[in-house]
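Inspection log for the structure reproduced underneath, given as structure tokens.
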Protein chains: 2
Amino acid sequence: MTAPALDVFQVIADPSRRQMLHLLSNESMTINALAENFDMSRPAVSKHIKIMYNAGFISITDIGRERYCTLKQDGFNELQDFINYFDKFWTSKLKKLETILNNKAGK
Amino acid sequence: MTAPALDVFQVIADPSRRQMLHLLSNESMTINALAENFDMSRPAVSKHIKIMYNAGFISITDIGRERYCTLKQDGFNELQDFINYFDKFWTSKLKKLETILNNKAGK
DNA sequence: ATAATGAGTAACTTTTAGGTTACGTAAAGT
DNA sequence: ACTTTACGTAACCTAAAAGTTACTCATTAT
């Protein structure tokens, strides 16, 4: 179960990973603690964690034999950039519409 | 090449589809016009369009034998919701940090 | 009327993400 | 010292996404 290197968009494409991110938004958790919330084997969870780590969504701190996973902002920023681009598209489109309407009102 | 029903996260997981959305942010385009920008067959593009249409990212207007694809906001809104959730997480985390720093400064 | 064009559908192949079990290793418990 | 626990890694399997070619249909052009 070697983890493939996925980009941020592929990371959040998986429902289980999105769920893990939600769980981690409440508290830092170990691999096993996370695995208890899912109907899949621990190695499967382990792989997901690695994928999210590689894409910059989480940081990992080893404490003894445990690995604590914590949310990290980097991965989310890339997503934000994507959304922002299209956000600008909609708002500028809206402004154009406003301009047209104002011109009509003015005449 | 029947198109599978994918959710908004799976839609933007594909680089070609993200590229198509970018192209459509400049102007509405037909299937063929889109296909010219990609190193893949027209049926392949056609399938991507169907997937994005089903997920609410584009609307389609038939003019004669041509299909004009236009960006639609619905799909993006779902993504925005996801981002917003974690955005709140980061800002509230930052506020907690501020509170701690202020308390220290006050003593 | 016939040819050419724009696009959807069907059948098929390939790739790969996501899961499994089996095993190895280091830290903690008894 | 031995056992248990927490995790990673390897080898493997399966399902499905993404691509292809071949075909058909409807619209436009000649």
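Residue numbers start from 1 in every chain, and the chains themselves are labelled A, B, ... in the order their sequence lines are given, proteins ahead of strands.
- Taking CE of Met20(B) as the reference point, atom NE2 of His48(B) lies at 5.0 Å (rounded to 0.5 Å).
- Residues of residues 52-68 of chain A having a heavy atom closer than 4.0 Å to DNA chain C, listed by number: Gly64(A), Arg65(A).
- Between dG18(C), dA18(D), dC7(D), one nucleotide has an atom nearer to the side chain of Ile31(A) than all others, and that is dC7(D).
- One interatomic measurement links the two molecules: CG of Asp7(B) to C1' of dA16(D), which rounds to 14 Å at whole-angstrom precision.
- Asn32(A) has a side-chain polar atom (N or O) that falls below the 4.0 Å cut-off from OP1 or OP2 of dC7(D).
- The environment of Phe38(B) atom CZ is dense: over 12 non-hydrogen atoms of other residues, nucleotides or ligands sit within 6.0 angstrom.
- Taking for each of Asp39(A) and Ala33(B) the nucleotide of DNA chain C with the nearest heavy atom, the 5'-most of the two is the partner of Ala33(B).
- Look at CE on Met20(B): it is 10 Å from P on dA18(D), rounded to the nearest Å.
- Separating the CD1 atom of Ile12(B) from the C1' atom of dA17(D) is a distance of 16 Å, rounded to the nearest angstrom.
- Take Phe89(B) and apply the ring-ring contact (aromatic ring centres under 6.0 Å, His included) test, not counting sequence neighbours, and it matches no residue.
- Candidate nucleotides dG18(C), dC7(D), dA7(C) were compared by shortest atom distance to the side chain of Lys47(A), and dG18(C) ranks first.
- Ile51(B) places its CD1 atom 14 Å from the C1' atom of dG8(C), with the value rounded to the nearest Å.
- Side-chain nitrogen and oxygen atoms of Lys50(A) include at least one within less than 4.0 Å of the OP1 or OP2 phosphate oxygen of dT9(D).
- Between dT20(D) and Ser41(B), a contact under 4.0 Å exists linking OP1 or OP2 to a side-chain N or O.
- In this structure, Ser46(B) reaches the dG8(C) phosphate: one of its side-chain N or O atoms is under 4.0 Å from OP1 or OP2.
- Between Arg17(A) and dG18(C), a side-chain N or O to OP1/OP2 separation shorter than 4.0 Å is present.
- With rounding to whole Å, Arg18(B) atom CZ is found 11 Å from dA18(D) atom P.
- At whole-Å resolution of the value, CZ in Arg42(B) and P in dT21(D) are 12 Å apart.
- Rounded to a whole Å, the CG atom of Leu34(B) is 14 Å from the P atom of dG6(C).
- Under the side-chain contact (heavy atoms from CB on, under 4.5 Å) criterion, Asp7(A) pairs with Phe9(A), Gln10(A), Arg18(B), not counting sequence neighbours.
- Distance Leu6(A) CG to dT15(C) P: 18 Å, rounded to the nearest Å.
- Arg65(A) meets the side-chain contact (heavy atoms from CB on, under 4.5 Å) test with no other residue; sequence neighbours excluded.
- Dashed line: the shortest gap from a side-chain N or O of His48(B) to OP1 or OP2 of dG19(D) is under 4.0 Å.
- Listed by chain and residue number, Arg67(B) satisfy the salt bridge (Lys or Arg N to Asp or Glu O under 4.0 Å) test with Asp62(B) (two or more places apart in sequence, or in another chain).
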Could you tabulate the donor-acceptor pairs under 3.5 Å formed by side-chain atoms of residues 68-77 of chain A, not counting sequence neighbours?
{"residue": "Tyr68(A)", "atom": "OH", "partner": "Glu66(A)", "partner atom": "OE1", "Å": "3.4"}
{"residue": "Thr70(A)", "atom": "OG1", "partner": "Ser28(A)", "partner atom": "OG", "Å": "2.8"}

